[in-house]
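Position 1 is the first residue of the sequence; numbering continues from there.
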Amino acid sequence: MNRRVPVHQFNVAQAKARFSELVKRAMAGEEVIIAKDNRPVLKLVPVQPRLDRRVPGSAKGQIWISDDFDAPLDDFADYR
């Protein structure tokens, strides 16, 4: 079964005036095209959720800190 997605084209002025409505349409699955001089230039589509979530602890063992990380720098010997 091949379901057709409704396609609606609006010029920039119409899109500006009806932006909230166009966002709702796009989120409902409609294809919203924005045209300039009757030529399609943009397609309004919902952002897909990211599937590559970060995993806490996934960099364990890949990061190290030098043993003298918090040792005073030689340049500041006069301030000790």
Side-chain angles (χ1 to χ4, degrees):
M1 181 168 129
N2 188 4
R3 291 180 22 195
R4 286 189 46 108
V5 175
V7 179
H8 300 283
Q9 183 169 307
F10 301 88
N11 68 38
V12 173
Q14 290 171 319
K16 182 177 177 182
R18 301 169 63 182
F19 186 70
S20 294
E21 174 194 344
L22 301 185
V23 169
K24 288 178 186 175
R25 285 180 170 214
M27 294 195 57
E30 294 183 32
E31 190 169 313
V32 177
I33 305 294
I34 299 173
K36 185 172 184 178
D37 298 325
N38 288 324
R39 293 178 46 200
V41 292
L42 299 170
K43 179 167 42 171
L44 190 59
V45 296
V47 174
Q48 300 298 320
R50 290 187 60 169
L51 301 177
D52 59 341
R53 297 279 182 209
R54 292 181 7 179
V55 177
S58 62
K60 187 174 184 176
Q62 298 179 26
I63 298 173
W64 62 274
I65 295 177
S66 175
D67 292 335
D68 65 349
F69 172 77
D70 57 351
L73 299 173
D74 293 337
D75 294 345
F76 292 97
D78 296 338
Y79 301 101
R80 293 187 204 161

- request: Not counting sequence neighbours, which residues clear side-chain contact (heavy atoms from CB on, under 4.5 Å) with Lys16? List them please.
  value: none

Minimum-distance pair of heavy atoms, taken over all atoms of Pro40 and Ile33: CB-CG2, 3.5 Å

task: Check the pair Ile34 / Val12 against side chain to side chain contact (heavy atoms under 4.5 Å, CB included), numbers first and verdict last.
output: CA-CA 6 Å; Ile34 299 173; Val12 173; 4.1 Å; yes

message: Given Lys36, which partner from the list Val41, Asn11, Leu42 fulfils the side-chain contact (heavy atoms from CB on, under 4.5 Å) test?
response: Val41

- line: In this structure, CG of Leu73 is separated from CG of Asp68 (nearest 0.5 Å) by 9.0 Å

- request: Heavy atoms only: give me the nearest Gln9-Ala35 pair and the separation to one decimal.
  value: NE2-CB, 3.4 Å

statement: CZ of Phe10 to CZ of Phe19, rounded to nearest 0.5 Å, is 12.5 Å

message: Let me confirm one number: the CD-CD distance from Gln14 to Glu21, rounded to the nearest 0.5 Å.
response: 10.0 Å

